[in-house]
Amino acid sequence: QVQLVESGGGLVQAGGSLRLSCAASGRTFSSYAVGWFRQPPGKEREFVGGISWSGGSTYYVDSVKGRFTISRDNAKNTVYLQMNSLKPEDTAVYYCAASRGLMNMATSYDYWGQGTQVTVSS
């Protein structure tokens, strides 16, 4: 079992930065890939990007490429989502999720955090 808890969300002005953390419990966390998803108000949950279990591979959707960076520290059982140059359209509830492989489909993920709200004002 893996339990995930996101933190670091908040209100930020356009152009600003936030760093989200995804803290995990469970000794097998380092064997899981982690994906970040977001759900804007009134919209479907969407994949943002992910990182392999080792941290050696990352993937980002085009809308965040060059602005968001995902990293992990397996010694701390934590994955990070650094978000720079934030835009109002980045406003959403952000979730981290764990999967055995780096996937872009929510149905491929076994464990989910509760989400953290990110609001970007214009």
Side-chain angles (χ1 to χ4, degrees):
Q1 282 282 357
V2 175
Q3 293 184 320
L4 305 174
V5 178
E6 302 95 336
S7 62
L11 173 64
V12 64
Q13 289 188 331
S17 298
L18 281 176
R19 188 176 80 159
L20 306 184
S21 297
C22 173
S25 62
R27 57 186 179 180
T28 62
F29 177 68
S30 60
S31 65
Y32 283 83
V34 172
W36 284 95
F37 292 78
R38 66 186 181 186
Q39 187 163 15
K43 296 184 178 181
E44 296 288 317
R45 189 174 300 188
E46 61 185 18
F47 179 70
V48 174
I51 189 166
S52 61
W53 68 270
S54 67
S57 297
T58 53
Y59 178 83
Y60 305 92
V61 295
D62 287 345
S63 60
V64 307
K65 202 172 292 183
R67 300 188 299 122
F68 290 11
T69 302
I70 300 172
S71 61
R72 70 188 297 162
D73 184 341
N74 284 340
K76 296 182 178 179
N77 273 6
T78 303
V79 173
Y80 305 98
L81 176 63
Q82 177 68 44
M83 305 185 294
N84 299 329
S85 302
L86 282 162
K87 304 175 181 180
E89 52 263 43
D90 294 317
T91 294
V93 177
Y94 282 73
Y95 301 86
C96 65
S99 171
R100 286 296 187 181
L102 182 54
M103 308 288 185
N104 62 1
M105 294 176 59
T107 52
S108 300
Y109 286 78
D110 303 308
Y111 304 102
W112 290 82
Q114 82 290 348
T116 186
Q117 176 70 47
V118 171
T119 302
V120 185
S121 63
S122 57

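Small disclaimer: the values here were computed from a predicted structure and weren't measured.
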**Side-chain donor/acceptor of Asp73 to backbone N/O of Tyr80, under 3.5 Å** = no
**Message:** With rounding to the nearest 0.5 angstrom, report the NZ to OG distance, Lys87 to Ser122.
**Reply:** 14.0 Å
**Distance flag, aromatic centroids of Trp112 and Phe37, threshold under 6.0 Å** = yes
**Message:** What verdict does the side chain to side chain contact (heavy atoms under 4.5 Å, CB included) test give for Leu20 and Met83, after you've listed the backbone C-alpha separation in whole Å, the side-chain angles of each residue and the deciding distance to 0.1 Å?
**Reply:** CA-CA 8 Å; Leu20 306 184; Met83 305 185 294; 3.8 Å; yes
**Asked** Taking the side chain from Thr91 and the backbone from Val120, do they hold a donor-acceptor pair closer than 3.5 Å?
**Response** yes
**Request:** Supply the atom-to-atom distance Tyr59 OH to Asn104 CG, rounded to the nearest 0.5 angstrom.
**Result:** 6.0 Å
**Request:** Please report the closest heavy-atom contact between Asn77 and Gly26, naming both atoms and the distance.
**Result:** ND2-O, 3.5 Å
**Request:** Kindly work out whether a path of hydrophobic side-chain contacts (I/L/V/M/F/W/Y, heavy atoms less than 4.5 Å apart) joins Val118 to Val64.
**Result:** yes
**Complete:** Rounding to 0.5 Å, atoms CG (Asn74) and OG (Ser31) come to a distance of 9.0 Å
**Item:** Minimal non-hydrogen separation, Thr78 against Ser21, with atom names
**Value:** CG2-CB, 4.2 Å
**Message:** Nearest 0.5 Å, please: how far is OG in Ser63 from CG in Asp90?
**Reply:** 7.5 Å
**Request:** Apply salt bridge (Lys or Arg N to Asp or Glu O under 4.0 Å) to the pair Asp62 and Lys65, showing each step before the final yes or no.
**Result:** CA-CA 5 Å; Asp62 287 345; Lys65 202 172 292 183; 3.1 Å; yes
**Asked** Between Tyr60 and Arg67, is there a cation-pi geometry (under 6.0 Å to ring centre, at most 45° from the normal)?
**Response** no
**Prompt:** Got a sec: does the NZ of Lys76 have more than 12 other heavy atoms crowding it under 6.0 Å?
**Reply:** no
**Prompt:** So Ile51 and Trp36, side chain to side chain contact (heavy atoms under 4.5 Å, CB included) or not? Walk me through it.
**Reply:** CA-CA 9 Å; Ile51 189 166; Trp36 284 95; over 6 Å; no
**Request:** Would you please test Arg100 and Ser108 for side chain to side chain contact (heavy atoms under 4.5 Å, CB included) and show each step?
**Result:** CA-CA 8 Å; Arg100 286 296 187 181; Ser108 300; over 6 Å; no
**Main-chain N/O of Gly115 paired with Glu6 side-chain donor or acceptor, under 3.5 Å** = yes
**Message:** So does Val5 get a backbone contact from the side chain of Gln114, meaning a donor-acceptor N/O pair under 3.5 Å?
**Reply:** no
**Asked** With side chains defined as the heavy atoms from C-beta onward, is the minimum distance between Tyr95 and Gln39 less than 4.5 Å?
**Response** yes
**Request:** For Gly101 and Ser99, work out which heavy atoms get closest and say how close.
**Result:** O-OG, 2.9 Å
**Request:** Looking only at non-hydrogen atoms, find the nearest pair between Ser85 and Ser17 and report the distance.
**Result:** N-OG, 4.3 Å
**Message:** Is there a continuous path of hydrophobic side-chain contacts, each under 4.5 Å between heavy atoms, that joins Trp53 to Leu4?
**Reply:** no
**Request:** Find out whether Glu89 and Pro40 are in side-chain contact, i.e. whether some heavy atom of one side chain is under 4.5 Å from a heavy atom of the other.
**Result:** no
**Request:** Would you confirm whether Arg72, through its side chain, and Ser52, through its main-chain N or O, come within 3.5 Å as a donor-acceptor pair?
**Result:** yes
**Request:** Could you pull out all residues at least two apart from Glu46 that satisfy salt bridge (Lys or Arg N to Asp or Glu O under 4.0 Å)?
**Result:** Arg38
**Prompt:** If you look at every heavy atom in Leu11 and Ser121, which pair is closest and at what distance?
**Reply:** CD1-CB, 4.3 Å
**Message:** Working to the nearest 0.5 angstrom, can you tell me the gap between Leu86 CG and Phe68 CZ?
**Reply:** 5.0 Å
**Asked** What do the steps show when you test Tyr111 against Phe29 for side chain to side chain contact (heavy atoms under 4.5 Å, CB included), and what is the final call?
**Response** CA-CA 11 Å; Tyr111 304 102; Phe29 177 68; over 6 Å; no
